[in-house]
Amino acid sequence: MHLLRALRASSSALRRSHRLISAFAFAVDQQIRCHPPIDSAVPWNKLLRDHIAGSRPGLALALYRLMRALSPVLPNSYTLPLALRAAPSWRLASAVHAHAIHLGLHSHPDVAGQVLAAYARLGRAVEARRVFDALPVRRSTLSWNTLISACSIGCDHDAAWAAFARMVAAGACPDAVTWTTLLSAHARCGRHPEALRLFGDMHRSGCEGNAEAVAVALSACPYAGGPALARGRSIHAYGFVKGVVHGYLFVTNSLVCMYGKLGEMEAAEKVFWDAGTKKNAVTWNALITSYAAAGLCGEMLGVLARMEQFGGIVAPNVVSWSAVIGGFASSGDMEQALQLFRQMQQQWLLPNVVTLATVLSACTELLALRLGQEVHGHTIKAALDRHSLVQNGLVNMYGKCGRVTAARKVFDRMKSRDLISWNSMIGSYGTHGLCDEALAMFQDLTGALVEPDGVTFVAVLSACSHTGRVTEGRHLFNQMVREHKISPTMEHYTCMVDLLGRAGLLKDASELIETMPMRPDLCVWGALLNSCRIHGDAAVAEAAIAKVLQAETVTTGNHTLITNLYAAFGMWDDSKRVRVMTKEAGLKKNPGQSWIQVRNKVFAFTAGSMPSSEAEEILRVLDDLYAEMEDEKRAMYDAIANIV
DNA sequence: TTAGGGTTAG
């Protein structure tokens, strides 16, 4: 059914594009043969304008190329702004800018304005500023706003703020668009509290709150910390008073999302249904996002199905699918997330970088290497394998699934690496016991002038602890605190206790626990007790157990840990005593899960249980694995026999 | 005949 629909859609798209190309060819043919555009750029400009108005920038740009190649008429001050509007990339926009300079038209107000707009649209703040500085001194509010927008799209809130300050100093008056652009620049860069402060400043400056600014402020609420819901409600009320709530789609969408993300499902649903027919795909996606935040996976699927029922009006798009896939992944149901990814592909919907990054992260959680490799194939097919978000996902996936070399290969091919790329790669070396490589990469990171964070140090410290590098570990811990001014967290202390304990320095490990500025959690105690088990130190273990029982509330985790520890020391009576205590306290351990990958499908199961439908298949694979292992064992014995 | 702001998925 879906396939049929997809085939129909693609063939009609093909027919449309055929018609479009034929019309285009005919128009150009007419242009050149019947009305040779020898003495006028006007017909060319008209065609360009028509294509842009018809949302066909690709054809407009092709026409511009054709004009430059075939026509003796040069592009004029009308042609160049049109070509700039059609330019989809920085490379093409700068090429048209170069033509303008060549033709001596770059200072023409319309051309310069459009160059500025093109650079702003493409987030090229530095180039936009250069063009802006070359504008005549009396700059319009529009030009200032375009400059600030360039900084916003380029995700540089400091530059946006500097441009705003410069605008005020120059005596220009910021309008509603200026303020909205400025607060959006902060929201885009994750500076949500500042965005909300600016919303207040905007109001105090006498600029009345408009729908656009209200939408941005609402979207910042869930991330701004503090009394988020109270703030969201008061902005909602403010918008209501200003009359920009009902009938304003962007505000509706922001409201659904704000309430949903803050756990106010009823309020989110009310805004959604109150919107009546004034809803678009974003509104529906905002509802999916709300359900995802609440962990209501069934409801997410319900919305998706409902969108499909509408057929065409608000059909699920790549964002809808990515939101549902991400919702399942964050609820822990990776199998369903991957299943939905397949379903999405069956609908002939192309995944984008967010979808692929989400799916890669699901594969990583499941350690599903083959699926991860398959997704890698999709990234290449979609020509998105050079995108940093996808590349980070690949480094992480290969690294966690044990393919360190493949992870490194992706890492080395990256054009720009952020802290996540470095942390993934260092973490990958660390978890596979390649401490030298992890430490070398840490040196490379500092050499590349990237500032490490707490995650980086967890990665290097755990690398040290896995390989007993006590001196390096101690040095790194001090370096983190003194040079990088990072306060150690529970995770860092766990790594250090593990490092010292594994190396047999149980006294040092115990002392470190004593000096911790926070109450040690179960992981810290676990690291110490595990070291006691390795080194057979019952005395330290006994003291630690007493502290755990004294300090910790009774939980399943610490009792299981202590029970196992007593058992490891052969102290069966004590082990039994704690187990009885656990039972009496009514505690039940959540069973650990395992999984197996068969033909690109991941099956999770617990000890003693087996999904009946796939049991046969799983057992067959297990048999194969056992057989393979037996072969390996035989080969090894043969090899040993030959040596001996 | 021409430039600026907004919502949803990681």
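Hydrogens, waters and symmetry mates play no part in the numbers below; they use all other heavy atoms, side chains included. So that the names make sense, note that chain A is the first sequence line, chain B the second, and so on, each numbered from 1.
Listed nucleotides: B:dT8, B:dG10, B:dA9. Nearest to the side chain of A:Thr358: B:dG10. Distance from the side chain of A:Val216 is smallest to B:dT7 among B:dT7, B:dT8, B:dT2. Comparing B:dG6, B:dA9, B:dT1 by their nearest atom to the side chain of A:Thr180 picks out B:dG6. Nearest to the side chain of A:Phe250, among B:dT2, B:dT8, B:dG6, sits B:dG6. Closest to the side chain of A:Arg188, from the set B:dG6, B:dT7, B:dA9, is B:dG6. The side chain of A:Ser322 sits closest to B:dA9 out of B:dT8, B:dG6, B:dA9. Considering only side-chain atoms of A:Ser219, the nucleotide from B:dT7, B:dG10, B:dG6 that sits closest is B:dT7.
The side chain of A:Lys261 places an N or O atom within less than 4.0 Å of a non-bridging phosphate oxygen (OP1 or OP2) of B:dA9. Within the 4.0 Å cut-off from OP1 or OP2 of B:dG6, at least one side-chain nitrogen or oxygen of A:Ser184 is found.
If you take CG of A:Asn210 and P of B:dG5, they are 13 Å apart, rounded to a whole angstrom. For the pair A:Leu196 CG and B:dG6 C1', the computed distance is 15 Å after rounding to whole Å. Regarding A:Leu142, its CG atom lies at a distance of 11 Å from the C1' atom of B:dG5, rounded to whole Å. Distance CH2 (A:Trp284) to C1' (B:dT8): 14 Å, rounded to an integer number of Å. A straight line from OH of A:Tyr223 to C1' of B:dT7 spans 12 Å, rounded to a whole angstrom. Rounded to whole Å, the distance from NE2 on A:His108 to P on B:dT1 is 15 Å. Atom C1' of nucleotide B:dT2 and atom CG of A:Leu135 are separated by 14 Å, given to the nearest angstrom. Whole-Å rounding puts the A:Leu356 CG to B:dG10 P distance at 14 Å.
Using a 4.0 Å heavy-atom criterion, one finds that A:Asp110 contacts the bases of the nucleic acid, with or without backbone contacts as well. Within the 4.0 angstrom heavy-atom criterion, no nucleotide atom of any strand lies near A:Asn280. In this structure, A:Thr252 reaches neither bases nor backbone, as no heavy-atom distance under 4.0 Å exists between it and the strands shown. Among the protein residues, A:Ala118 comes within range of no part of the nucleic acid, since none of its heavy atoms lies under 4.0 Å from any strand.
With hydrogens and angles ignored, no donor-acceptor pair closer than 3.5 Å exists between the side chain of A:Asn317 and the base of B:dA9.
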Verdict with reasoning, A:Tyr248 to A:Lys278, per side chain to side chain contact (heavy atoms under 4.5 Å, CB included):
CA-CA 8 Å; A:Tyr248 287 83; A:Lys278 285 190 174 170; over 6 Å; no

Determine, step by step, whether A:Val410 and A:Arg413 satisfy the side chain to side chain contact (heavy atoms under 4.5 Å, CB included) criterion, reporting the C-alpha distance in whole Å, the side-chain angles of both residues, the deciding distance to 0.1 Å, and the verdict. CA-CA 5 Å; A:Val410 178; A:Arg413 285 185 67 188; 5.8 Å; no

What side-chain donor-acceptor pairs closer than 3.5 Å can you find for residues 288-297 of chain A, not counting sequence neighbours?
{"unit_1": "A:Thr289", "atom_1": "OG1", "unit_2": "A:Asn285", "atom_2": "O", "d": "2.7"}
{"unit_1": "A:Ser290", "atom_1": "OG", "unit_2": "A:Val256", "atom_2": "O", "d": "3.2"}
{"unit_1": "A:Ser290", "atom_1": "OG", "unit_2": "A:Ala286", "atom_2": "O", "d": "2.9"}
{"unit_1": "A:Tyr291", "atom_1": "OH", "unit_2": "A:Glu269", "atom_2": "OE2", "d": "2.4"}

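Between the A:Asn396 side chain and the A:Asn392 main chain, no donor and acceptor come within less than 3.5 Å of each other. Without hydrogens or angle criteria, A:His186 side chain to A:Leu182 main chain gives a donor-acceptor distance under 3.5 Å.
Between the side chains of A:His99 and A:Tyr64, at least one donor N or O sits under 3.5 Å from an acceptor N or O.
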